Amino acid sequence: MKITISQYAGFCFGAKEAYETTIKIAQENNKDLYILGDLLHNKDVIEKIKNLGVKKISNINEMKKGRLIITAHGDGENIFKIAQKKNIEIINTTCPKVIKIQQLAKLFSQKKYTIIIFGNKNHKEVKGINGWCKNKAIIIESLNEAEKINFQKIDKAIIVAQTTQKTKKYQKIVNFLKEKIKNLEIFDTICDATKNRQKECEIIAQNNEAMIVIGGKHSSNSKKLAEISRKNNLNTFFVQNIKELPLDKIKKYKTIGITAGASTPKKIIKEIYNTLKNL
């Protein structure tokens with residue numbers, strides 16, 4: 001069996017920094033340490049943080065004191081204001097790429113621009129970005145939704161994308177909006193790591209008999225990798241960890257490609273690689 005691993009598989013810079021910062025702080029002192037949501041969309045990462053004594057909350061009002069970890073996906077501006085009022089210390093592990101989009105949303109909303117976000121309405125990153133422009137952004141998930149925008153009410157606008165979206169899909173939407181909005185500022189905010197990972201996933205899927213995509217079931221970028229892989233290779237297996245790997249189905253293939261989402265630790269990738277290698 002020949003195994004090919006994507007060079008871009010696993011933690012991106014932002015995910016790695018968030019993970020290592022959180023682990024270090026929790027190991028040093030986990031007293032009154034809280035996290036707002038899931039640090040990363042990965043079951044193993046979530047479990048590890050929980051075992052280190054970090055208390056997960058869904059609302060900052062559940063806290064009276066202590067330290068609050070802002071996850072890699074970021075949060076709205078209001079969270080920071082509430083924390084300041086309550087004298088809660090913020091540990092901000094928001095990905096720098098996401099912070100850039102948050103700043104763009106705030107800056108241009110202050111300049112009276114309409115903010116258009118291409119992304120998943122229910123994703124924490126998108127909700128957080130919207131929170132930096134007073135939750136007034138137009139959020140679209142497809143070209144079909146872009147076509148339904150009331151352009152008569154838009155004088156000037158900017159468009160940004162959730163960092164883990166598909167590049168080709170975003171480009172189609174941008175091309176459409178350029179025809180509809182005279183004063184449109186376009187920002188390519190899809191992370192380079194995401195672009196490279198998606199592009200290589202396509203190539204590896206095409207050149208192997210089977211493909212394994214490792215990532216959390218709630219991870220936006222992992223799900224998109226699985227979609228890209230399936231489009232190019234029907235023998236795609238989307239798993240979270242070694243326990244979900246169907247070895248009985250996989251062992252018949254002579255060439256296998258492996259990629260992993262941005263929130264997947266190296267340990268999980270190694271476990272799957274070593275298991276396949278020893279078949």
Side-chain angles (χ1 to χ4, degrees), residues 8 11-18 37 39-41 70-77 79-80 92-146 149 154 156-181 183-202 215 218-225 227-228 261-263:
Y8 301 107
F11 277 165
C12 61
F13 171 78
K16 185 173 182 285
E17 286 291 302
L39 183 74
L40 302 169
H41 290 146
I70 301 293
T71 72
H73 306 105
D75 261 298
E77 187 178 22
I79 295 296
F80 293 83
N92 193 0
T93 73
T94 306
C95 170
K97 306 276 185 184
V98 177
I99 290 174
K100 179 189 172 184
I101 308 173
Q102 292 173 347
Q103 289 171 342
L104 285 170
K106 182 176 181 176
L107 175 67
F108 280 90
S109 65
Q110 288 172 341
K111 292 180 178 180
K112 308 300 180 188
Y113 276 70
T114 298
I115 313 298
I116 303 171
I117 304 170
F118 167 51
N120 185 329
K121 292 177 178 70
N122 298 315
H123 196 281
K124 194 163 186 262
E125 179 187 324
V126 174
K127 286 180 177 178
I129 295 164
N130 196 16
W132 287 86
C133 55
K134 302 187 187 301
N135 295 306
K136 290 181 179 178
I138 296 172
I139 303 168
I140 54 172
E141 297 187 33
S142 64
L143 182 58
N144 185 43
E145 288 185 12
I149 294 172
I154 299 175
K156 53 187 180 179
I158 73 161
I159 180 162
V160 294
Q162 182 182 343
T163 55
T164 53
Q165 285 296 327
K166 290 180 183 175
T167 307
K168 289 178 183 178
K169 201 173 174 183
Y170 184 47
Q171 195 54 56
K172 284 179 183 177
I173 289 168
V174 165
N175 290 340
F176 170 75
L177 292 177
K178 279 197 291 190
E179 299 295 318
K180 297 290 182 179
I181 304 169
N183 297 313
L184 179 69
E185 295 280 347
I186 301 156
F187 293 94
D188 183 2
T189 55
I190 296 175
C191 178
D192 288 339
T194 297
K195 291 177 189 174
N196 293 333
R197 196 181 289 109
Q198 289 178 357
K199 192 175 180 182
E200 195 175 41
C201 173
E202 194 175 335
H218 300 292
S219 165
S220 173
N221 76 93
S222 298
K223 286 193 284 187
K224 284 177 180 62
L225 283 177
E227 286 170 17
I228 291 165
S263 52

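For clarity, every value in this text was computed on a predicted model and none was experimentally measured.
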Here the pair of heavy atoms bringing F80 nearest to I70 is CZ-CG1, 4.1 Å
So do the side chains of T93 and L39 get within less than 4.5 Å of each other, counting heavy atoms only? yes
Ion pair present between K156 and E185, side-chain N to carboxylate O less than 4.0 angstrom? no
Closest heavy-atom pair, I140 versus A146, reported as atoms and distance to 0.1 Å, is CD1-CB, 3.8 Å
Using a strict cut-off of less than 4.0 Å between a Lys/Arg side-chain nitrogen and an Asp/Glu carboxylate oxygen, indicate whether D75 and K127 qualify as a salt bridge. no
Considering residues, nucleotides and ligands other than K100, do more than 12 of their heavy atoms fall under 6.0 Å from its NZ? no
For K136, is there any backbone N or O sitting under 3.5 Å from a side-chain donor or acceptor partner on N130? yes
Between T194 and T164, is any side-chain donor less than 3.5 angstrom from a side-chain acceptor? no
Pair Q198, L225 - check side chain to side chain contact (heavy atoms under 4.5 Å, CB included), show working. CA-CA 6 Å; Q198 289 178 357; L225 283 177; 4.2 Å; yes
Which atom of E141 lies closest to which atom of G119, heavy atoms considered: CG-O, 2.9 Å
Donor-acceptor pair, distance only, cut-off 3.5 Å: does the side chain of Q162 make one with the backbone of N120? yes
Give the minimum heavy-atom separation between I228 and C201, together with the two atoms involved. CG2-SG, 4.2 Å
When you look at CD of E179, are more than 12 heavy atoms from neighbouring residues, nucleotides or ligands closer to it than 6.0 Å? no
Measuring from atom CG of L40 to atom OG of S222, what distance do you get when rounded to the nearest 0.5 angstrom? 10.0 Å
Between atom CD1 of I190 and atom OG1 of T167, what is the distance when rounded to the nearest 0.5 Å? 4.0 Å
Is there side-chain contact between K195 and D188, with heavy atoms separated by less than 4.5 Å? yes
Go through E77 and K134 one step at a time and tell me if the salt bridge (Lys or Arg N to Asp or Glu O under 4.0 Å) criterion holds. CA-CA 8 Å; E77 187 178 22; K134 302 187 187 301; 5.6 Å; no
Aromatic contact between H41 and H123, with the criterion being ring centroids under 6.0 Å apart: yes or no? yes
Nearest 0.5 Å, what's the CD1-CD1 distance between I139 and I115? 11.5 Å
With a sphere of 6.0 Å drawn around NZ of K121, does it hold more than 12 non-hydrogen atoms of other residues, nucleotides or ligands? yes
Side chain of S219, backbone of G215: donor and acceptor closer than 3.5 Å? no
Take E17 and F13 through the test side chain to side chain contact (heavy atoms under 4.5 Å, CB included) and record every step on the way to the result. CA-CA 6 Å; E17 286 291 302; F13 171 78; 3.6 Å; yes
How long is the straight-line distance from CD of Q102 back to NZ of K106, given to the nearest 0.5 Å? 10.5 Å
Testing the 3.5 Å rule here: is there a donor-acceptor pair between the side chains of E200 and N196? no
Check this for me, if you would: do E202 and R197 make a salt bridge, where the nitrogen-to-carboxylate-oxygen distance has to be below 4.0 angstrom? no
Indicate the atoms forming the closest heavy-atom contact of W132 with G128, along with that distance. CD1-O, 3.0 Å
Closest non-hydrogen atom pair between I116 and A157, with its separation: CD1-CB, 4.2 Å
Start with the C-alpha gap between I186 and K178, add the side-chain angles, then the distance that decides, and say whether side chain to side chain contact (heavy atoms under 4.5 Å, CB included) holds. CA-CA 9 Å; I186 301 156; K178 279 197 291 190; 3.6 Å; yes
Hey, what do you get for CZ (F118) to CD1 (I138), rounding to the nearest 0.5 Å? 15.0 Å
In Å and rounded to the nearest 0.5 Å, what is the CD1 to CD1 distance from I154 to I149? 5.5 Å
Any donor-acceptor pair under 3.5 Å linking the side chain of Q165 with the backbone of A161? no
Would S142 and N144 count as having a side-chain donor-acceptor pair, cut-off 3.5 Å? no
Validate the cation-pi geometry between K111 and F108: distance from NZ or CZ to the six-membered ring centre under 6.0 Å, angle to the ring axis within 45°. yes
Among I159, I101, V98, find the residue that satisfies the side chain to side chain contact (heavy atoms under 4.5 Å, CB included) test when tested with T189. I101
Given K223 and H218, is the side chain to side chain contact (heavy atoms under 4.5 Å, CB included) satisfied, shown in steps? CA-CA 8 Å; K223 286 193 284 187; H218 300 292; 5.7 Å; no
